[in-house]
Amino acid sequence: MHAQGKIMTGDTQARYQPQAVEPKWQNAWDAEGCFTARHDPARPKYYVLEMFPYPSGRIHMGHVRNYTMGDVVARYKKAKGFSVLHPMGWDAFGMPAENAAMQEGGHPAEWTYNNIAVMKGQMKPLGLSIAWSREFATCDVEYYGQQQALFLDMLAAGLVYRKNAVVNWDPVDMTVLANEQVIDGKGWRSGAEVERRELTQWFFKISDYSAELLDALDGLNDWPEKVRLMQRNWIGRSRGLQFAFSTVDAPEGFERIEVYTTRPDTLLGASFVAVSPDHPLARQLERHDSAVAAFVADCRRIGTTEEALEKTEKKGLDTGIRVRHPFDNAWELPVYIANFILMDYGTGAIFGCPAHDQRDFDFATRYNLPIPAVFVAEGAEEQPLGEAFVPPKTERVRYVRGFAGNEIQTGEDAVEAAVAFCETRGVGQGVTKFRLRDWGLSRQRYWGCPIPVVHCDTCGVVPEKKENLPIALPMDVSFDQPGNPLDRHPTWRDCACPKCGQPARRESVTMDTFVDSSWYFARFTAPRADTPTDAAEAEYWMNVDQYIGGIEHAILHLLYSRFFARAMHKTGHLPAKSIEPFNALFTQGMVTHEIYMTRDGRGRPVYHLPEEVEDGKLITTGEEVTIIPSAKMSKSKKNVVDPVNIIERFGADTARWFVLSDSPPERDVEWTSAGAEATFKHLARVWALSRRIADLPADAPADGDDDLMRAMHRAIDEVTRAIDSFAFNKAIAGLYSFTNTLNRAESASAGAQSRAARTLAQLMAPMVPHLAEEIWSMQGGAGLVTQAPWPKADPAMLVSDTITLPIQINGKRKGEITVPADAGKEAVEKAALSADAVIKALGGTAPKKVIVVPGRIVNVVV
RNA sequence: GCCCGAGUGGCGGAAUGGUAGACGCAGGGGAUUCAAAAUCCUCCGCCGUAAAAGGCGUGCGAGUUCGACUCUCGCCUCGGGCACCA
């Protein structure tokens, strides 16, 4: 048939030797082309995908865990008869490559491709069932060239535009910094105070899809509820009132200030108006008023993240401007510029109702503003507040300063009544707003996909022609000075305008790496096509049936991908069925590890790898390290563990089994080096058990056969259900039990034991495929276990004649009874009442109540 | 600060609202062995007892229920995300 005969004859070793066994089977799989994804219209397809890795340089346990889980699914589905697509690629653009080039010289491309080669070399020994022929890196010009074509189509479809947005600006290095490069408000390299600076930036119009992306979450039934919730909150649909205050003593052009509020029912509790430091009014005042200028400048030092903004002490500056309350011309409110108001949300201006918003309360307290209550708890009386009173909107409260709806009503009802009231009075309009902002994709960096447009003095911003794609990154660049080398490249920047042909300049910013990862799953269906996708291939392979990755991607990556799938449908690159590209999502927990830190001369943190540390001290210098509790393994914190050592010492199957056992896949797992040895011992035991069974002399069927077969069918049932529900730790627990049973099944015939061992091999194959092949071949299984169909449990073998039921007295377990499996409620109750424990507890009296849950439990209430 | 999770023996963890601790690791005791490795048997939440009986136990505090690790409310601790880390 094939190579199997040779393998059988070589298979006379006396010990489990993964180093010899694993490459042998990997070669056999390759020779058979087991993992090539075949477009086979006759068979149902299954597309399983793990989030592709960033080529940081070495694989870590998180990767091993992630890819092993995907591999279990891929191998299992293949055994179930599906045509499986299980590809792998590299999320290869990004800052670390550029940082490496700055620190160590060399080129980001060289660094990246070297890392890919190393990591691929580390992954290969794991024996993953990956269709390597489809591999690509996002920094391959073949990939990002297609991404540029996609970008042009999206631009033409009105999904891309430019506007101003703030960035972190390092005034010393004269460069834009990523949030993680800003440490305590200072540039990580220069140490200079970072400024917020406005630049014209490219944006994707994801907000066009706010409502759809939100509503479609309801249909994603095979996504974790927590992810859908996080996305719901992130998109953040709110119903509110938009209206304008008329101003007193405001500069020309600011006769009105538009505000948006989700609580118009609290309008009579207003005590101030606050605008963002980036609000046009603040900008206007800043020009002429040094106090405002100083305050606004102070605000701009906070940084660009929402987190920084929220954690900063809430401060404001009274502008001296007043607004009139829309219900009472004589009632004037002060206008503040406040550091916690976001220009990106609503209108960049709010009215503060301190009684019912904690931030407003803190603000009012600080600036001695009134705190009038609008409503009180139902049945309570108004009294001075020590903190904001913020009940859920669904709770009924009593309005003491209401103006629309009933005196007692829920917040929700009051909001609607207030909107209706204001609309009839012409005070404003009810509007629906979203928290989701458009996706800024410009990055002032080199190592990313160039944005394929040209700046022409005559024609303005002009899209590049598709026939001129790809716009490849120039290779002759240096990183010896800060800033983007594309900006100062002598020839790359100069080009002809695609419209008028006059000399023009190429756009020098590149795309956010989230763009790269927002459509790679579609590209895997036709990785070499000369268009972004191939219609027939996308039709067959899409959608991803099972997507697996870290919970840290719950919002951004997954939301952007959902948006991109819609944009790709709109531009004709994906079928309509693919606007939700991931049918099922599984978010695995992270592999965590302690972090070891020292500080350098300037007090900045320096991190150390676990292998550089022993007994809390650096091995090299003996310096004591600070141990930070376990956190997600990350290259920048250096709390990573190298799986290569484990694989070299114990083999891939040990590493695979180890990362799947014990911890449930969705939960974080703390890496400890103890345990790998124990896993190896277990696998060696299974190997030896198989060897022993294979050497048994043939005999006649025996008494123990039925028990063993029943155990085997229970194992099939248990493991199958566990894999179907992603409970790999439970599948492994079932395999342990079955192995123990088989090991003790000496009263069963050799034939039955061998049959059980073959089934054991099949059940183990998704997790430890090499060992499974070894056992399969020892037991004379036909062909490769990798290509054998999944075993089926016989339902008749799963039921037993009698069951044991626990007996509770008042909910506490006191004994048990054994009854026929088909016993009726009355019979069970009778048996329970004659149990010793029950007779003792009743002491001759009648039970108050007897609860019989068939097949489960009996509870006697006395 | 806001949004989302998680918390069970010495450790990883199991348990459709129905026997808390499956399965495994570590550990104790024993068998086998000249000895070791390997293997096998056995014990293993806490208090209590000669052994039983019994009591207490799923981060903390309330609640719903015949019955709560599981559901509700309020806390604590840890983790993820917060739009330029990927």
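Proteins come first, then strands; the chains are lettered A, B, ... in the order of their sequence lines, and each starts at number 1.
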Is there a side-chain polar atom (N or O) of [X] under 4.0 Å from OP1 or OP2 of [N]?
X: Asn233(A); N: C4(B); result: yes
X: Arg744(A); N: C41(B); result: yes
X: Lys681(A); N: A38(B); result: yes
X: Arg443(A); N: A86(B); result: no
X: Arg813(A); N: G18(B); result: no
X: Asn740(A); N: G24(B); result: yes
X: Thr513(A); N: A86(B); result: yes

Lys393(A), NZ: over 12 other non-hydrogen atoms inside 6.0 angstrom:
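Above 12, so yes.
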Can you tell me if CG on Asp695(A) sees more than 12 non-hydrogen neighbours from other groups inside 6.0 Å?
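Yes, because the 6.0 Å sphere around CG of Asp695(A) holds more than 12 heavy atoms from other groups.
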Ring center gap for Trp519(A) and Tyr143(A) short of 6.0 angstrom:
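Yes; Tyr143(A) has its ring centre under 6.0 Å from that of Trp519(A).
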Are the ring centres of Phe658(A) and Phe650(A) closer than 6.0 Å?
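No, the ring of Phe658(A) stays outside the 6.0 Å limit from the ring of Phe650(A), centre to centre.
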Quick one: label [X] by what it contacts on the DNA or RNA (base, sugar-phosphate, nothing), any heavy atom closer than 4.0 Å.
X: Asn743(A); result: sugar-phosphate
X: Leu436(A); result: base
X: Leu229(A); result: sugar-phosphate
X: Val853(A); result: base
X: Lys730(A); result: sugar-phosphate
X: Pro664(A); result: sugar-phosphate
X: Lys814(A); result: sugar-phosphate
X: Gly236(A); result: nothing
X: Trp234(A); result: base
X: Val860(A); result: nothing
X: Ser442(A); result: base
X: Asp344(A); result: nothing
X: Ala554(A); result: nothing
X: Gln444(A); result: base

From [options], pick the nucleotide closest to the side chain of [X]?
X: Met230(A); options: C4(B), G13(B), A86(B); value: C4(B)
X: Ile857(A); options: G12(B), A53(B), U19(B); value: U19(B)
X: Asn859(A); options: C84(B), G67(B), A86(B); value: G67(B)

Which of residues 194-202 of chain A sit near RNA chain B, with a heavy atom under 4.0 Å from it?
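Heavy-atom contacts with RNA chain B come from Gln201(A).
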Which residue in the set Trp111(A), Tyr446(A), Tyr144(A) passes ring pair (Phe, Tyr, Trp, His ring centres under 6.0 Å) when paired with Phe93(A)?
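When Trp111(A), Tyr446(A), Tyr144(A) are each tested with Phe93(A), the ring pair (Phe, Tyr, Trp, His ring centres under 6.0 Å) holds only for Tyr144(A).
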Could you check Tyr560(A), Trp439(A), Tyr161(A) and say which one makes a ring pair (Phe, Tyr, Trp, His ring centres under 6.0 Å) with Phe204(A)?
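Of the listed residues Tyr560(A), Trp439(A), Tyr161(A), the ring pair (Phe, Tyr, Trp, His ring centres under 6.0 Å) partner of Phe204(A) is Trp439(A).
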Enter syn or anti for the glycosidic conformation of G7(B), syn applying to angles within 90° of 0.
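With its glycosidic angle more than 90° from zero, G7(B) counts as anti.
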What about Glu306(A): does its side chain form a donor-acceptor pair under 3.5 Å with the base of C82(B)?
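Donor-acceptor pair under 3.5 Å: no.
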So, Asn339(A) side chain and Cys299(A) main chain: donor-acceptor pair closer than 3.5 Å or not?
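Judged by distance alone, no pair lies under 3.5 Å.
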Between the main-chain N or O of Asp512(A) and the side-chain N or O of Arg443(A), is there a donor-acceptor pair closer than 3.5 Å?
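No.
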What distance, rounded to whole Å, do you find between the two C1' atoms, one in G10(B) and one in U16(B)?
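The same atom, C1', in both gives a distance of 32 Å.
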Could you spell out the base pairing of RNA chain B as a dot-bracket line? Use Watson-Crick and G-U wobble contacts where both distances are under 3.5 Å, [ ] for crossing pairs, | for partners on a different strand.
(((((((..(((.....[....))).(((((.......))))).(((......)))..(((((..]....))))))))))))....
